[in-house]
K.L.:
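Below you'll find the structure I mean.
Any value given below was found using the heavy atoms of this structure, including those in side chains, with hydrogens, waters and symmetry copies removed.
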Amino acid sequence: MLDSLHDLMFASDAKLVTLIGVGFFVVAGFALWMESRRSKRDQIERVGWVPWTGVFLGCAIIGGGMLSMSVPALLSNS
């Protein structure tokens with residue numbers, strides 16, 4: 001655990017942006033799963049208050065932008 005924290009603390013900006021972009025994609029996947037659950041609900045009146053489609057779209061765009069900016073820097077440094 002301590003080695004991974006040390007590696008994360010001294011990671012390059014490209015690695016940190018890649019990790020944050022992957023995190024945004026994880027949140028986008030969760031939002032996609034929750035939207036599919038909402039569309040298959042039994043009681044049509046219980047819609048919920050979270051706009052899962054908007055959360056998915058926003059997180060997917062932000063994560064894709066972060067990954068598209070950081071992956072070329074990661075590949076050139078290896």
K.L.:
Give a yes or no answer on whether the side chain of Arg38 reaches the backbone of Val50 with a donor-acceptor pair at less than 3.5 Å.
P.N.:
yes
K.L.:
Is there side-chain contact between Leu16 and Ser12, with heavy atoms separated by less than 4.5 Å?
P.N.:
no
K.L.:
Verify the cluster assignment for Trp49 and Ile44: are they in a single hydrophobic cluster under the rule of side-chain heavy atoms below 4.5 Å apart?
P.N.:
no
K.L.:
Measuring from atom CG of Leu19 to atom CE of Met66, what distance do you get when rounded to the nearest 0.5 angstrom?
P.N.:
10.0 Å
K.L.:
Which atom names give the shortest non-hydrogen contact between Arg46 and Arg41, and what distance separates them?
P.N.:
O-CD, 3.1 Å
K.L.:
Minimum heavy-atom separation for Ser68 to Pro72, with atom names?
P.N.:
O-CD, 3.3 Å
K.L.:
Can you measure from OG1 (Thr53) to CG (Leu57) and round to the nearest 0.5 angstrom?
P.N.:
8.5 Å
K.L.:
Which heavy-atom pair separates Ser70 from Ala14 by the least distance, and what is that distance?
P.N.:
CB-O, 3.5 Å
K.L.:
Would you kindly confirm whether Trp52 and Trp33 end up in one hydrophobic cluster when ILVMFWY residues are joined by side chain heavy atoms under 4.5 Å apart?
P.N.:
yes
K.L.:
Which value, rounded to the nearest 0.5 Å, describes the distance between Leu32 atom CG and Arg37 atom CZ?
P.N.:
13.0 Å
K.L.:
When clusters are formed by joining ILVMFWY residues with side-chain heavy atoms under 4.5 Å apart, either directly or through shared neighbours, do Met69 and Val71 land in the same one?
P.N.:
no
K.L.:
Report the distance from atom CD1 of Ile62 to atom CG of Leu67, rounding to the nearest 0.5 Å.
P.N.:
12.0 Å
K.L.:
Do Val17 and Ile20 land in one hydrophobic cluster if side-chain heavy atoms of ILVMFWY residues count as linked below 4.5 Å?
P.N.:
yes
